[in-house]
Amino acid sequence: MGLNPQQLVGATHRDGPLLILAGAGSGKTKVITTRIAWLIAEQHVSGRSILALTFTNKAAREMKERVFGLLPKKSGKGLTVGTFHAFCVQLLRSKIGLLGYREKFSIFDSSDRMHLITDIMKDLKIDLEILPPDKVAWKISDAKNALIHPGREAEEWFGDALLASIYRHYQSTLKGFNIVDFDDLLMLAVDLFAVAGEEMALHVSRWRYLLVDEYQDTNQAQYKLLRCLTRDHDNICVVGDDDQSIYAWRGADISNILNFEKDFPGTVVIRLEQNYRSTGNILRAANSVIAHNTARKGKNLWTSGVNGDPVRIIPTSDETDEAESIVSEILTIRREDRASFADMAIVFRTNFQTRPFEELFAAQGIPYEVIGGTKFFDRREVKDIVCYLRLMANRHDEIALLRIINRPKRGIGTQTIEKIVQWAEKHTMHLYDVMLDADHVDTMDDNTRYKIGVFCELVEEYAKKLLSARSMVPVVREIVHASGYEEELLREAGGDADKFQKSQRWLQELYTSIQLYEADEDVERHDLFGYLERISLLVDDKSEDKERRRDAVTLMTMHSCKGLEFPYVFVSGVEEGNIPHTHSIEAGTVEEERRLFYVAMTRAMKRLYLTWAAERRRYGESSDCEPSRFIDEIDPACIEWISPGSTRSAESVDLVEAFERMRQQRGG
DNA sequence: CAGCAGGGCGTTTTT
DNA sequence: CGCCCTGCTG
């Protein structure tokens with residue numbers, strides 16, 4: 001199987017708790033996948049008894065593929081591999097009734113959450129200036145990740161009665177709408193075990209072997225869930241690396257991995273310290289940076305491979321220059337090393353840094369793929385139509401309703417909406433039910449009632465069609481047409497044919513996404529609910545085959561690069577205030593930033609570039625930048641400073657001089 | 001109720 | 001610099 005001794009121990013550990021401390025590039029996925037295959041093929045454990053949990057859909061997909069690649073056909077049947085969130089949805093789908101929700105709940109995304117919180121705060125007459133809704137959203141999310149429920153408990157936890165009150169209203173509204181938000185998936189799943197321990201224990205008893213990836217990133221809720229799943233056995237294998245913990249800001253609790261041995265007595269600990277990914281220089285550079293962290297278990301990653309090229313540091317004058325330098329380097333590598341675009345990745349701290357690259361790549365015809373970033377399902381056209389679908393799936397989804405009630409314009413304006421809302425409040429009814437029953441609303445005229453009637457008929461008619469049709473795609477096309485949405489797009493575009501085409505293309509992508517879903521054999525039943533659930537758990541739109549078929553440069557943030565590897569990696573914007581980010585410096589969380597930088601560095605297999613710009617524009621204003629402190633922390637023996645002019649046409653004399661001074665100062 | 005213009009504000013990271 | 005939201009006018 002080609003495993004080293006430690007990997008082999010991990011892969012062939014039979015029963016009981018197992019902690020695998022796996023450094024970057026040490027082959028942890030290989031160990032997990034081999035272990036699953038070993039359990040099934042050699043130990044005759046049924047696939048049905050195995051549950052593997054990951055953080056991202058991508059990781060889940062990869063793991064599944066690799067496991068099935070190791071197994072003879074069909075022998076892995078029943079194996080569960082999924083994200084924590086997807087797994088929780090599965091539990092909730094069948095058991096959420098225990099918590100007083102109805103079975104066919106919808107899932108809120110973060111923008112829906114913001115809307116609702118803003119509405120609630122307005123209702124409560126809270127000044128949005130003093131308490132910004134995004135802060136509130138973040139606090140509520142935090143509370144849920146820590147398993148803090150609304151009520152007295154929350155008030156103490158927040159130390160703020162107002163926040164607790166918003167939380168209470170928010171949560172009861174969600175429940176009233178039969179909607180759960182992202183954080184609820186975890187919290188409510190844990191609640192299931194609290195309210196019906198025995199029933200749930202029975203329900204999950206089929207899973208006798210647990211495997212958890214990226215354990216260092218688990219939060220309280222995920223930890224508790226794992227405890228619930230191991231009530232009747234202790235076959236839990238977790239893999240993690242404290243140096244790659246980069247989600248503390250989202251509630252990840254590093255003590256979960258630090259305390260694992262205490263939590264699960266009899267734990268076997270395995271350390272994977274041999275790196276198979278990067279050359280010696282890259283590894284040494286990364287090691288020297290991470291060594292500056294004090295809060296770490298400490299490990300010594302080593303490689304038996306070649307030293308390779310030094311880490312190349314490229315100073316540039318501004319973000320345009322930075323992009324041009326990288327592009328020129330990309331073209332050189334392609335020419336000289338005969339590497340493909342897909343071998344290269346550009347990594348940065350913040351999403352908005354993609355801009356100069358996207359512009360330049362588009363101009364030069366270089367294929368690229370942005371991971372994350374502005375999401376497909378956040379696109380206006382797509383989101384509008386998805387809201388139609390959401391409303392048809394759940395008439396009580398008020399956020400969806402309010403979004404499309406007058407889109408396209410159908411003469412139901414703010415006045416009318418206000419009347420509906422007031423009537424609903426007075427009679428404690430749902431907005432949509434008020435609309436269905438508009439004849440009885442005495443505050444509006446017949447014409448308005450008629451318009452509302454037309455809208456409701458549309459919803460009812462197509463909801464029925466969606467649920468009965470063999471394929472939803474033609475029905476959705478019909479909705480776009482019959483609702484007048486298409487016409488509206490045409491009208492909005494004015495004479496701009498290009499604009500109209502663009503929006504059409506987005507809608508086409510949406511149809512394709514539905515089609516892909518309906519063709520997915522992994523899904524048992526294909527219906528509207530299943531589709532909405534799937535897309536709500538999807539972070540990116542990059543549907544399976546898409547990423548593979550194109551030879552493209554990958555652009556992504558440091559957070560989304562975790563778990564990936566590329567022969568050539570460019571870390572861009574390595575400036576003080578960017579990485580480490582100003583907010584983190586102020587919050588005193590530079591160590592997490594260092595880990596983030598470490599994660600980015602260790603993605604590189606063959607060659608690593610670090611670039612920084614002396615000047616960067618933000619909000620249209622430009623400001624001076626200094627290279628990141630992390631550059632100073634790299635062992636000078638493994639880096640090489642590339643002079644600004646060498647990759648392309650000569651730059652300003654000032655910059656070259658500044659660069660020379662810096663090189664002398666740093667002894668580079 | 002719809003359309004337009006101008007002002008204000010934001011970008012840390014994501015399942 | 002752009003986007004979104006608001007407020008004013010037709």
Side-chain angles (χ1 to χ4, degrees), chain A residues 53-60 82-89 107-111 113-115 118 128-129 132 134 137-138 141-142 144-145 181-187 189 213-214 217-219 221-222 245-252 319 347-356 359 371-375 378 380 406-418 445 447-448 451 488 491-492 494 535-540 556-563 573 577-587 589-590 592-593 595-597 599-600 616-622:
Chain A
L53 294 171
T54 65
F55 278 80
T56 65
N57 294 303
K58 192 182 192 132
T83 63
F84 272 95
H85 294 268
F87 175 69
C88 289
V89 168
I107 303 172
F108 247 23
D109 69 23
S110 44
S111 71
R113 181 175 66 182
M114 277 290 295
H115 270 283
T118 310
L128 302 180
E129 305 282 301
D134 59 320
W138 180 69
S141 168
D142 240 25
K144 289 184 176 180
N145 286 328
D181 71 11
F182 238 86
D183 305 302
D184 278 337
L185 294 176
L186 297 170
M187 184 172 81
D213 196 15
E214 310 280 13
D217 288 330
T218 48
N219 59 32
Q222 285 155 336
S245 157
I246 55 175
Y247 286 108
W249 55 273
R250 202 177 83 190
E319 69 268 11
V347 179
F348 18 67
R349 177 68 236 264
T350 58
N351 269 130
F352 77 101
Q353 284 173 257
T354 51
R355 267 192 198 193
E359 279 165 20
I371 296 195
T374 317
K375 286 152 221 150
D378 280 347
R380 193 163 156 294
N406 202 30
R407 193 125 95 222
K409 304 250 169 3
R410 49 173 67 90
I412 307 179
T414 41
Q415 291 292 313
T416 307
I417 293 171
E418 195 45 44
D445 57 49
N447 188 29
T448 310
K451 288 173 186 160
E488 175 98 339
R491 205 182 48 78
E492 272 175 5
I535 64 176
S536 60
L537 295 177
L538 222 57
V539 194
D540 49 27
M556 68 203 145
T557 65
M558 296 181 174
H559 282 87
S560 43
C561 78
K562 191 164 69 159
N578 189 223
I579 175 74
H581 198 276
T582 318
H583 290 243
S584 299
I585 298 173
E586 280 163 12
T589 54
V590 171
E592 177 145 313
E593 295 285 301
R595 290 193 291 268
L596 194 51
F597 188 60
V599 167
R616 194 174 287 277
R617 261 190 294 281
R618 274 183 94 156
Y619 309 138
E621 299 270 304
S622 81

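Heavy-atom basis, side chains included; hydrogens, waters and symmetry copies ignored. Below, read A as the first sequence line, B as the second, and so on, with proteins coming before strands; counting in each chain starts at 1.
- Of the two residues near DNA chain B, A:Thr54 and A:Thr448, the one whose nearest nucleotide lies more 5' is A:Thr448.
- Here the side chain of A:Thr582 pairs a donor or acceptor atom with the backbone of A:Gly577 at under 3.5 angstrom.
- At the heavy-atom level, A:Thr582 lies nowhere under 4.0 Å from the strands shown.
- Taking the six-membered ring for Trp and the full ring otherwise, the centers of A:His583 and A:Trp249 sit at least 6.0 Å from each other.
- The aromatic ring of A:Tyr247 does not stack onto the base of B:dT13, failing the criterion of a centre distance under 5.5 Å from the six-membered base ring together with planes under 30° apart.
- OP1 or OP2 of B:dT14 has not a single side-chain nitrogen or oxygen of A:His559 nearer than 4.0 Å.
- A:Phe55 comes within contact range of the sugar-phosphate backbone alone, with a heavy-atom separation under 4.0 Å but no base atom that close.
- Residue A:Asn351 places at least one side-chain N or O closer than 4.0 Å to OP1 or OP2 of B:dT14.
- Heavy atoms of A:Asn406 sit under 4.0 angstrom from primed sugar atoms or phosphate atoms, though from no base atom.
- Proximity note for A:Arg355 (side chain, C-beta onward) versus B:dT14, B:dC1, C:dG2: the nearest is C:dG2.
- When the C1' atom of C:dC1 is taken as reference, atom CD of A:Gln353 falls 16 Å away, rounded to whole Å.
- Taking side-chain N and O atoms only, A:Thr557 has a distance below 4.0 Å to OP1 or OP2 of B:dT14.
- You'll find that the side chain of A:Arg349 is closest to B:dT12, out of B:dT14, B:dT12, B:dG3.
- Separation of atoms CZ (A:Phe55) and CZ (A:Phe84) is listed at 5.0 Å; rounding is to 0.5 Å.
- Phosphate proximity of B:dC1 to A:Lys451: absent, as no side-chain N or O sits under 4.0 Å from OP1 or OP2.
- Residues A:Thr83 and A:Asp134 each lie close to DNA chain B; by heavy-atom proximity, the contact nearer the 5' end of the strand is made by A:Asp134.
- Contact annotation: the side chain of A:Met187 approaches that of A:Asp184 to within less than 4.5 Å [non-hydrogen atoms, C-beta and beyond].
- Contact annotation for A:Ile412: backbone-only contact, meaning every heavy-atom pair under 4.0 Å involves sugar-phosphate atoms and none involves a base.
- Atom C1' of B:dT11 sits at a distance of 15 Å from the matching atom of C:dC4, rounded to the whole Å.
- Minimum atom distance to the side chain of A:Gln415 is reached by B:dC1, of the listed B:dT13, B:dC1, C:dG2.
- Contact check on A:Glu488 versus A:Arg407 returns no salt bridge, with no Lys/Arg side-chain nitrogen under 4.0 Å from an Asp/Glu carboxylate oxygen.
- Applying the 4.0 Å criterion to OP1 and OP2 of B:dT13, one finds that A:Ser560 has every side-chain N and O outside that range.
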